[in-house]
Protein chains: 2
Amino acid sequence: MLQDTIKALSDPNRRKILELLKGGPMSAGEIGRHFEMTGATLSHHLSILKKAQLVSDEKKGTYIYYEINTSVMEDIMSWIVSFLEDKNE
Amino acid sequence: MLQDTIKALSDPNRRKILELLKGGPMSAGEIGRHFEMTGATLSHHLSILKKAQLVSDEKKGTYIYYEINTSVMEDIMSWIVSFLEDKNE
DNA sequence: ATAATGTTTAGAAATTTATCTAAATATTTC
DNA sequence: GAAATATTTAGATAAATTTCTAAACATTAT
């Protein structure tokens, strides 16, 4: 849902997570090293990103790797484009 | 600032306001007729949209007309495009 | 100048969100 | 299977946001 996506993107820490993941998949722990917050808080942010389908996760042994999923961003793009196009139609 | 823009867009009522304004400028009162919320609450939302430069306002006599300003949305576009492009570079 | 209408501001209450600590779960290694 | 490591869940607190009522401000018309 668009609401979930935009809500997920509205937090600076979550956007920073996505920026990190642009470089490729990372485990929760690796991501955590770039932040001050506790693992529990990070996990919470990751779950929001996951619910918004902005990231996917894959378990590999002890680690869980997170990967960015840009396809959902295209929905926001479309929504924004509709403003740039439709205005005053 | 990107943060202001995304934050402003993260509320469904504010997005609905922008959808309304796509059709052309409207006064605060006209906008309010499309919502349940009080005028005070609407005014609050409008001020957030204004701070984010997503709308501009123009006083005409007793009324204040609000107009959508799509140029800021292009900043979000660029931000999103940077994900679609840079990934795994 | 007073009344009527449109909008905003101030301050408080209600809701949501971010964050923490502590405990729980899962996997690997010894 | 116990210890060590990685991550999540539960429950609590703190901070931010949405919303309201009441009052204030501004403009027009009487």
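Naming convention: chains lettered A, B, ... in sequence-line order (proteins, then strands); numbering from 1 in each chain. Being a predicted model, the structure only gives us computed values, none of them experimental.
Judged purely by atom type and a 3.5 angstrom limit, A:Lys16 uses its side chain to pair as donor or acceptor with the backbone of A:His34. With hydrogens and angles disregarded, no donor-acceptor distance shorter than 3.5 Å links the side chain of B:Arg14 to the backbone of B:Leu9.
Atom P of nucleotide D:dC25 and atom CD1 of B:Ile64 are separated by 15 Å, given to the nearest angstrom. Between B:Tyr65 atom OH and D:dA26 atom C1' the separation is 16 Å, expressed in whole Å. A straight line from NE2 of A:His45 to C1' of C:dC20 spans 12 Å, rounded to a whole angstrom. The nearest whole Å value for the distance from the CG atom in A:Asn13 to the P atom in C:dT17 is 16 Å. B:Ile17 has its CD1 atom 11 Å from the P atom of D:dT18, to the nearest Å. Across the protein-nucleic acid pair, B:Lys7 atom NZ and D:dA15 atom P stand 15 Å apart, rounded to whole Å. Rounded to whole Å, atom C1' of D:dT17 lies 14 Å from atom CG of A:Asp11.
Residue-to-nucleotide proximity on DNA chain C shows that, of A:Ser10 and B:Thr62, the 5′-proximal contact is made by B:Thr62.
Within the nucleic acid shown, A:Tyr66 comes within 4.0 Å of sugar-phosphate atoms alone, with no base atom in reach, counting heavy atoms only. Using a 4.0 Å heavy-atom distance criterion, A:His44 is classed as a base contact.
In this structure, B:Lys22 satisfies the cation-pi test against A:Phe83, with its NZ or CZ atom closer than 6.0 Å to the six-membered ring centre and inside 45 degrees of the ring normal.
Non-hydrogen atoms lying under 4.0 Å from DNA chain D are contributed by B:Ile48, B:Lys59, all within residues 46-60 of chain B. Of the residues in residues 34-43 of chain A, those with a non-hydrogen atom less than 4.0 angstrom from any atom of DNA chain D are A:Gly39, A:Ala40, A:Ser43.
No continuous path of ILVMFWY side-chain contacts below 4.5 Å connects A:Leu18 to A:Met1, so the two sit in separate hydrophobic clusters. Hydrophobic clustering places B:Met73 together with A:Met77 (ILVMFWY residues linked when any side-chain heavy atoms are closer than 4.5 Å, directly or through intermediates).
Using a 4.5 Å heavy-atom threshold, the side chains of A:Leu21 and A:Met26 count as touching. Contact check for A:Asn13 versus A:Leu42: no side-chain heavy atoms found under the 4.5 Å cut-off.
Counted by atom type alone, A:Glu74 and A:Trp79 present zero donor-acceptor pairs between their side chains at under 3.5 Å.
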Worksheet item: Between B:Ile48 and B:Lys7, does a side-chain contact (heavy atoms from CB on, under 4.5 Å) hold up when you go through it step by step?
Response: CA-CA 9 Å; B:Ile48 288 174; B:Lys7 216 55 201 259; over 6 Å; no
